[in-house]
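So the structure is just underneath, and the comments pick up after that.
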Amino acid sequence: MKAIQVGVMGLGTVGGGVFEVLRRNQEEIRRRAGRGIEVTMVSRRDVAKARALVGDAAQVVADPRAIIANPEIDIVVELIGGYDLARELVLEAIAAGKHVVTANKALLAVHGTEIFEAARAKGVMVAFEAAVAGGIPIIKALREGLTANRIQWLAGIINGTTNFILSEMRDKGLDFDVVLKEAQRLGYAEADPTFDIEGVDAAHKATIMSAIAFGIPVQFDKAYIEGITKLGAADIRYAEQLGYRIKLLGVSKRRDSGIELRVHPTLVPSKRLIANVEGAMNAVVVQGDAVGSTLYYGKGAGSEPTASAVIADLVDVTRLHTADPQNRVPHLAFQPDAMSPLPILPMDEVITSYYLRLRVADQAGVLAKVTGILAAANISIDAVLQREADEVCAEGGEPQTDVIILTHDTREGTMNAALAQMQALPTVLAPITRIRKEELN
Ligand code: HSE
């Protein structure tokens, strides 16, 4: 049978990986897919750079629309990234009857509903394994492997840049700004790392996973997002003393009243496997009612790891493109007419536990006032750690100390009210640090 023809829009590091892995493993891939898969056309504004990656093996064009216009192309791979141009091109490709494979998490988290509906109406597939956690087949696992389960929650380290920074902060006892500069120098962080360090990239991925896990539409605008820029080395150290590591987690949980969807620095017990995922690696834990807890680990970025996911989608599309669209796996795992109306819960309604660090005057009764506020709010304390005052005493001033409190689960809104009261105490001398904590058991 004639090989399926693929056009890659935005040929760069990942596209080069797709090209190379397809070339290297072509025989294995053909045996799996039932026919050959060939990249026959690629686009990149800088044609010479694209030519350097693919040589004469594919037609190179500057305009990605030339790929969409080519009737020989069966599948379009979108690797341009970003929201606007990518959205236009993907919708045009769908309108032209092409199947689409994309690694673009931002696009799907924000415009997924429109794109999946357009694909459904046209009877084509949009596949996006590479959009979440790079080479880890987490989309496949959530959508197919765990399909028997009522998913209860998932939690993932889904941004390698921030996990690398947090690992370095912990290993070397350095503050965020110092490690970020070093990460940029070494090429682990982008020159503009905003999307990574502010948690936006992780929130895109968590949004996509929450939709597939719970059968809800993608709703990036409802995700709570907090990055790692305010984390200090002291909190990482105190967390460690209490048996926790701090990770930037994307969390989505099913509750009776709705779905939690949030990204924030999180204390995770050091003994959990996911707490030991270091450097730029990614990992996702999924809790299903039948299977229990499952963990997926691997490289979340990079040329060939991401290509591995893109090619898995190419094989899927190749196998299924002649199937009746009704018999394909739905884009978001659930049939489009069977989506759940459960809302994404506002952050005030989220239930979690907390790490609090208070800089206080080292006087009698200070701790009693703080714990009194927590008790009055019915927030149960799990552990308290108080530093020796002389370790942290301000030069020439009143003795001060850090008090660290771990709480049990409570509503975020209740915690916010208690925090405001604690902050107002004259003996609390600096803004209180609050980091959420997940036991993940
Ligand atoms: N910038 C991402 C990361 C990879 O650091 O994990 C692409 O989503």
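All ligand and atom numbering here is 1-based and tracks the order in the structure.
The aromatic rings of His331 and Phe116 lie parallel to each other, their planes meeting at an angle below 30°, with 60° marking the opposite boundary.
Contact residues of ligand 1 (protein heavy atom closer than 4.0 angstrom to a ligand atom; sorted by chain and number): Lys105, Asn159, Gly160, Thr161, Asp196, Asp201, Lys205, Ala301.
Between Ile165 and Ile228 there is a side-chain heavy-atom pair separated by less than 4.5 Å.
Judged by distance alone, the side chains of Asp235 and Tyr355 do bring a donor and an acceptor atom under 3.5 Å apart.
Shown here are the salt bridge (Lys or Arg N to Asp or Glu O under 4.0 Å) partners of Arg32, two or more places apart in sequence or in another chain: Glu28. Scored by the side chain to side chain contact (heavy atoms under 4.5 Å, CB included) test, Gln326 finds Asp324 as partners (sequence neighbours excluded).
Residue pairs meeting the salt bridge (Lys or Arg N to Asp or Glu O under 4.0 Å) criterion with at least one member in residues 408-419, sequence neighbours excluded, are Glu349-Arg411, Glu412-Arg434, Glu412-Arg436.
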